[in-house]
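Below: the structure, in structure tokens.
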Amino acid sequence: MAAAVIHRPMAALNPNAKEFIPLAKYVSSEHQTIINDLQLSLLAAEFPKFAVKSMAEVLYANDGDLMLTRHMLKEEEAIPWLQTGDAVASLYADMRKEAEDHALARDAYFEQARQANDVGNKVLAHQLIAKGSWHNEQMKDAHTKAAEAIFQQRNPPASRQRHPTLLDLHGLHVNEAILIVKRELAALKTKYSKSKRKQIFLCVGTGHHSRTGHARLPSAIARYLLEEEHLYFTEARPGMLRIIL
């Protein structure tokens, strides 16, 4: 007598999914493997430039929905290669100049205050510290304004209209990027709350053009997504994170 096949509901594959919609109501684990292998073969033929691992991540996050996966891969395929390097460095220098001027003035006043204190002129030292502190607050305000200006420059309205779920975070400091991601994710979750699935791309860079050569932003954003937003993500391409809601 042939062994009985035990049919079990497929488990939810997308950790961010609010509701799991299975590929089939009851499918054996053996058939699940066959179906996914067939789907991946079809996707590989249609999207030869994509890594199989990347396509598999999208397919699994979509619980085996081939049509939705094809739609998402086409969305990703349409994302242009973003200018970084000199373009970001020039934008950063222009937008951060006011903040850096205040930082220089702050440091100068604090150094003068130290020297005044060393010679016992505490009144003058106190006055100089107050001036340095004022420039420090002005620097913070200037950086906040610069961060928003940089984000708008890197994500202009025309680009947001073509790619509404793409967020380019190049040129932002870690704390600035986290605040913007928090704000934009909340808006996107509200906007697409009734959608079956939606993917969001965060361009965090690779650190190749950073001053230290080490990228702090990718790891900081990854930690924020996992620990604060409780969102699973994958790397769609080097320097670009993908979240599927």
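Quick caveat: nothing in here was measured; it's all calculated off a predicted structure.
- Glu75 has a carboxylate O that lies under 4.0 Å from a charged side-chain N of Lys198, or vice versa, which qualifies the two as a salt bridge.
- Looking at heavy atoms from C-beta onward, Phe151 lies in side-chain contact with Leu167 at the 4.5 angstrom threshold.
- Counting non-hydrogen atoms of other residues, nucleotides and ligands closer than 6.0 Å to CD of Glu77 gives a total above 12.
- Using the six-membered ring where Trp is involved, His102 and Trp134 have ring planes that are perpendicular, over 60° apart on the 30 and 60° scheme.
- The residue from Leu169, Val88, Leu172 that alone fulfils the side chain to side chain contact (heavy atoms under 4.5 Å, CB included) condition with Arg154 is Val88.
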Test side-chain contact (heavy atoms from CB on, under 4.5 Å) applied to Tyr192 and Thr165, step by step:
CA-CA 10 Å; Tyr192 297 110; Thr165 62; 3.7 Å; yes
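- With ring centers used as reference points, Tyr224 lies 6.0 Å or more from His230.
- A salt bridge links Lys189 to Glu229: at least one charged side-chain nitrogen sits closer than 4.0 Å to a carboxylate oxygen.
- A search for side chain to side chain donor-acceptor pair (under 3.5 Å) contacts involving Glu46 returns Arg70, not counting sequence neighbours.
- Side chain of Glu228 to main chain of Leu225: no donor-acceptor pair is present (N/O by atom type, distance under 3.5 Å, no hydrogens or angles).
- Side chains of His170 and Asp168: a donor on one and an acceptor on the other come within 3.5 Å.
- Looking only at distances, a side-chain donor or acceptor of Thr69 sits under 3.5 Å from a matching main-chain atom of Asp65.
- For the residue pair Arg242/Ser54, the side-chain donor-acceptor check at 3.5 Å is satisfied.
- Identified under the salt bridge (charged side-chain N to carboxylate O under 4.0 Å, His left out) test for residues 107-118, with sequence neighbours left out: Glu111-Arg114, Arg114-Asp118.
- Identified under the salt bridge (charged side-chain N to carboxylate O under 4.0 Å, His left out) test for residues 127-137, with sequence neighbours left out: Glu137-Lys140.
- A donor atom on one side chain and an acceptor atom on the other are found under 3.5 Å apart for Arg106 and Asn136.
- A donor-acceptor contact shorter than 3.5 Å is absent between the side chain of Asn121 and the backbone of Asn117.
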